[in-house]
Amino acid sequence: MIRRHRAVTAILAALLCVSGAQAQEEVEVGTGVVLRWVDKITTETGDLEIANASAGNVGRMRIELGECRYPAGNPAGDAFAFLTVHPEDDAPPIFSGWMMASSPALNAVEHQRYDIWVLRCITQ
């Protein structure tokens, strides 16, 4: 998993270098994030709101949010959230990094039961 994470990070860095105009886009920081999750066993879905520098739970999985950013002046645009995901409260993280609403598969959480992805930043 670490090799895959490094490869994805390298690809993302290369893409950002190629598209310099997008890499320098101004962003604003939201007050939190809205995540969507699906339980792959029961097919149950739901949304989870987490404030910046806080955590929330989906089942036994704990999700910590550093902060959520969005394009300046466009809160309905893309959302970028720095997440750390633990399979259980005291377990080491299975994911730590930026997740983008427009590209949820780019940095996907690999969990046997749950899929999670960013929907948008909370702006108020």
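Hydrophobic clustering (ILVMFWY, side-chain heavy atoms < 4.5 Å, transitive): L48 and I94 are in one cluster.
Among all heavy-atom pairs drawn from G56 and I50, the shortest one is N-CD1, 3.9 Å. Scanning all heavy atoms of the two residues, the minimum distance from V29 to R69 falls at CG2-CG, 4.3 Å. Contact between P87 and P92 at its shortest, heavy atoms only, is CD-O, 3.3 Å. Across every non-hydrogen atom of L65 and A81, the tightest pair is CD1-CB, 3.9 Å.
Counting heavy atoms from C-beta outward, T43 and V38 have side chains that stay 4.5 Å or more apart. Annotation: side chain of R62 is not in contact with side chain of T84 (no heavy-atom distance under 4.5 Å). Looking only at side-chain heavy atoms (C-beta outward), P93 and V85 stay at 4.5 Å or farther from each other.
Pairs of residues two or more places apart, or lying in two chains, never qualify as salt bridge (charged side-chain N to carboxylate O under 4.0 Å, His left out) while including a residue from residues 97-109.
Aromatic pair W98/F82: centroids less than 6.0 angstrom apart.
With sequence neighbours excluded, the residues that form a side chain to side chain donor-acceptor pair (under 3.5 Å) with T42 are D39.
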field: CA sep, side-chain torsions, deciding dist, call: I63, V58, side chain to side chain contact (heavy atoms under 4.5 Å, CB included)
entry: CA-CA 8 Å; I63 305 159; V58 173; 3.8 Å; yes

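In this structure, H86 contributes its side chain and A91 its backbone to a donor-acceptor pair below 3.5 Å. Within the 3.5 Å criterion, the main-chain N or O of Y114 finds a donor-acceptor partner in the side chain of H111.
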Exercise answer: donor-acceptor pairs, residues 115-124 side-chain atoms, under 3.5 Å, sequence neighbours excluded:
{"unit_1": "D115", "atom_1": "OD1", "unit_2": "K40", "atom_2": "NZ", "d": "3.4"}

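Note that CD of E64 is 13.0 Å distant from CG of N52, once rounded to the nearest 0.5 Å. Note that CE of M99 and CG of L83 are 5.5 Å apart. Values are rounded to the nearest 0.5 Å.
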